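What follows is one structure encoded as structure tokens, with my remarks underneath.
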Amino acid sequence: MPIDLSSLKSGDDLLKRGFAKMTKGGVIMDVTTVEQARVAESSGAVAVMALEKVPADIRMAGGVARMADPMKIKEIMEAVTIPVMAKVRIGHVSEAYTLSALGVDMIDESEVLTPADPHYHINKKEFKIPFVCGARTVSEAVRRIFEGASMIRTKGEAGTGNVIEAVRHMWAVNTGVEMIKSADLDDLAHMASRMSLPYLREKELVAEEVYGDKGKVDLKSLFYGVGMEGIEASILEVLKEIKEAGRLPVVNFAAGGIATPADGALMMKMGADGVFVGSGIFKSRDPNEMAKAIVDAVENFEDYEIIGQVSSGLSGMPGIDVEHMGEDLKLQNRGW
Amino acid sequence: MRIGIIGYQGDVSEHAEILASMKRQYKRDIEVVLVKSRESLMSVAGLIIPGGESTTIFRLLKEYSLFDAVAERVRSGMPVMGTCAGLILISRDNPSDRVRSLNLIDAKIRRNAYGRQGESFIESLDIDGIGRFDAVFIRAPIIESVGSNVTVMAKYNGLPVMIRDNNVLGLTFHPELTKDARIHDYFMDMIGRRGYVSIAKREWYVADLI
């Protein structure tokens with residue numbers, strides 16, 4: 001008896017999450033030119049992220065970072081045969097539809113760019129193209145999955161060459177997943193309502209201003225026509241999926257500060273499905289060697305002889321201390 | 001029996017989970033081995049090359065000296081199943097200079113031939129000896145032509161999407177992404193009988209649906 005497709009939760013979901021699964025165990029590299037994209041492909045990258053500037057340069061330049069020039073993205077799409085992803089600003093639906101029309105394989109709704117919408121992320125369910133989104137905690141990951149993200153990555157702290165924030169976020173996601181695994185149904189329902197609260201918060205502020213009473217929010221429509229009950233119910237479904245699978249129901253990569261082969265291996269050892277490397281490759285002295293070395297280390301993350309060999313003679317990008325960085329300078333604080 | 005999955009990159013755990021579910025539900029005698037070295041390759045009775053990025057898997061097979069070793073074992077009779085990227089790797093040739101094929105089945109492949117991710121799709125196929133099967137195509141390749149030794153088991157839009165030549169089975173889609181284990185079970189039969197069995201109609205079970 002074949003599967004009745006109409007009975008599947010969503011054929012689209014299967015395709016979107018399936019695409020992300022094909023990148024597992026791989027390295028996705030930030031590239032800003034056709035030449036860099038070719039280096040990434042020949043080094044064994046599973047996909048490239050087409051960008052105007054790598055995060056370290058975005059950080060340096062300041063100002064507003066937006067979706068890359070479509071012409072540049074197109075050139076990169078024509079230059080390589082591996083999948084091409086590109087970033088949009090948080091909440092910028094129009095940038096997302098533009099990239100979708102351009103035909104990129106996946107969209108990254110990314111805190112590395114300057115957010116466009118201070119209230120909400122994109123409703124990713126309405127897109128045929130899959131999305132990857134950043135997360136610092138399991139709650140953020142769950143909200144993004146509820147909104148339709150087909151892949152999660154830790155936010156880390158992009159452009160720093162400092163892995164501590166990626167580790168912090170991977171640990172937080174893993175620890176949260178453990179708690180969900182051991183929770184009973186009542187606990188899950190409680191978690192679901194807590195995780196749904198931020199969708200309410202944004203409108204409460206307006207109700208406070210308009211009525212002088214935040215309790216007057218219309219609970220029937222909070223996020224793209226979905227009310228509080230609907231949000232809680234959908235988030236509960238995501239939590240049940242996590243409990244059953246013992247992990248996030250979508251692929252979970254590490255990102256934000258990975259600068260060496262050993263950094264990549266560390267994130268894999270923590271349970272990442274793969275890694276994004278932003279500035280770490282093309283801000284290093286020898287991008288070609290660094291790109292290959294990170295791929296080798298990720299594929300053999302517990303073979304320390306290989307990691308030693310591939311790391312020999314490499315020089316990583318200069319790093320930035322994050323512990324004493326002002327909160328306003330941290331890209332990870334963008335989005336909720 | 002020990003079933004290997006090339007374990008570098010791609011949807012390795014999805015294949016492993018389907019095999020594990022067959023072991024649980026149908027008491028198939030299966031031990032899954034992730035193949036990343038020649039030693040582990042030598043220990044398995046059959047091999048799956050998963051979906052993933054063919055350029056990446058190709059580079060890693062070369063780098064870790066598995067490229068020729070896989071070809072040697074398959075030529076001496078070990079059954080192999082390639083899904084999507086895996087099929088590109090086992091085929092006779094493909095026009096891309098980024099991936100070299102192992103030439104284990106006489107088929108000419110074109111990578112990403114349906115287009116980009118936006119063109120990915122799910123289609124119900126009629127597979128010889130298996131029946132209706134909902135197939136997930138993700139940035140799938142096209143099989144442009146096959147040699148006379150090759151049996152076409154399923155077609156989509158007039159082109160082969162599932163092919164077999166003795167101990168070599170190739171699919172342009174991803175049976176590992178659904179929970180329907182019939183294709184994996186078919187492959188188990190190929191291994192159980194050393195791969196040299198004619199394709200005959202038989203009763204198939206269906207694993208629980210998603």
Side-chain angles (χ1 to χ4, degrees), chain A residues 1-5 7-28 38 40-47 77 80-85 100-107 127-130 150 245 247 251 273-274 292 295-296 298-300 303 306 310, chain B residues 7-14 17 36-37 50-60 62-64 84-85 96-99 111-112 115-127 130-139 173-174 176-180 182 204-207 209-210:
Chain A
M1 191 191 73
I3 301 174
D4 175 10
L5 279 188
S7 75
L8 283 179
K9 257 189 320 203
S10 158
D12 272 356
D13 246 5
L14 198 57
L15 289 173
K16 283 154 65 171
R17 290 182 179 187
F19 168 78
K21 285 176 177 174
M22 296 310 145
T23 66
K24 281 198 308 178
V27 181
I28 300 172
R38 290 200 177 115
E41 183 177 45
S42 64
S43 309
V46 288
M77 284 164 61
V80 294
T81 62
I82 57 178
V84 175
M85 308 180 176
S100 173
L102 200 63
V104 300
D105 295 292
M106 183 176 244
I107 296 172
F127 286 80
K128 199 170 172 232
I129 301 288
S150 307
R247 53 156 295 149
V251 169
D273 290 315
K292 284 200 178 93
V295 171
D296 283 319
V298 163
E299 298 304 333
N300 301 285
D303 189 328
I306 290 183
V310 300
Chain B
Y8 286 113
Q9 194 276 315
D11 64 342
V12 178
S13 65
E14 282 67 23
E17 275 160 29
K36 289 176 122 178
S37 66
E53 188 43 53
S54 54
T55 54
T56 306
I57 301 175
F58 167 66
R59 166 162 125 60
L60 296 163
K62 289 294 284 181
E63 182 101 15
Y64 300 102
C84 196
S96 173
D97 54 359
R98 279 120 167 147
V99 186
R111 291 176 60 212
N112 306 334
R116 311 192 71 91
Q117 172 59 14
E119 275 71 56
S120 293
F121 59 97
I122 302 175
E123 186 64 44
S124 177
L125 304 173
D126 192 14
I127 302 175
I130 292 182
R132 300 302 298 179
F133 195 96
D134 288 307
V136 182
F137 293 82
I138 293 180
R139 282 173 52 98
F173 54 94
H174 295 280
E176 71 279 13
L177 287 184
T178 54
K179 298 211 170 155
D180 190 336
R182 287 176 297 164
W204 298 95
Y205 59 74
V206 177
L209 307 184
I210 294 170

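Chain naming here is simple, since letters A, B, ... match the order of the sequence lines and numbering starts at 1 in each. No experiment lies behind these values; they were computed from the predicted model shown.
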message = If I measure from the heavy atoms of chain B, does A/D296 come under 4.5 Å with its side chain, its backbone, both, or neither?
response = both
note = Hits for ring pair (Phe, Tyr, Trp, His ring centres under 6.0 Å) against A/F19, two or more places apart or cross-chain, chain-then-number order -> none
task = Could you have a look at A/T81, A/I129, A/V27 and say which one has the most heavy-atom pairs with chain B under 4.5 angstrom?
result = A/T81
inquiry  = Under 4.5 Å from any heavy atom of chain B, what part of A/S100 do you find: side chain, backbone, both or neither?
reply    = neither
Rounded distance (nearest 0.5 Å) linking atom CZ of B/R59 with atom OG of A/S43 = 6.5 Å
inquiry  = Need one label for A/M106: side chain, backbone, both or neither, based on atoms under 4.5 Å from any heavy atom in chain B.
reply    = neither
query = What residues form a side chain to side chain donor-acceptor pair (under 3.5 Å) with B/Q117, not counting sequence neighbours?
reply = B/S120
key: Proximal component of A/A47, with respect to chain B [non-hydrogen, under 4.5 Å]   = neither
inquiry  = What part of A/K21 gets within 4.5 angstrom of chain B, counting heavy atoms only: side chain, backbone, both, or neither?
reply    = both
request  = Side chain from CB out, backbone as N, CA, C, O: work out which of these in A/I82 comes under 4.5 Å of a heavy atom of chain B, or both, or neither.
outcome  = both
inquiry  = Which heavy atom of B/D11 sits nearest to which heavy atom of A/K24, and what is that distance?
reply    = CA-CE, 4.0 Å
Intermediate values then yes/no, side chain to side chain contact (heavy atoms under 4.5 Å, CB included), B/E63 and A/K292 = CA-CA 11 Å; B/E63 182 101 15; A/K292 284 200 178 93; 5.8 Å; no
message = Using side-chain heavy atoms (C-beta onward) and a distance below 4.5 Å, is B/R116 in contact with A/V84?
response = yes
remark   = Nearest heavy-atom contact between A/V46 and B/T56 is CG1-OG1, 3.6 Å
query = How far does CG of A/L15 sit from CZ of B/R139, to the nearest 0.5 angstrom?
reply = 13.5 Å
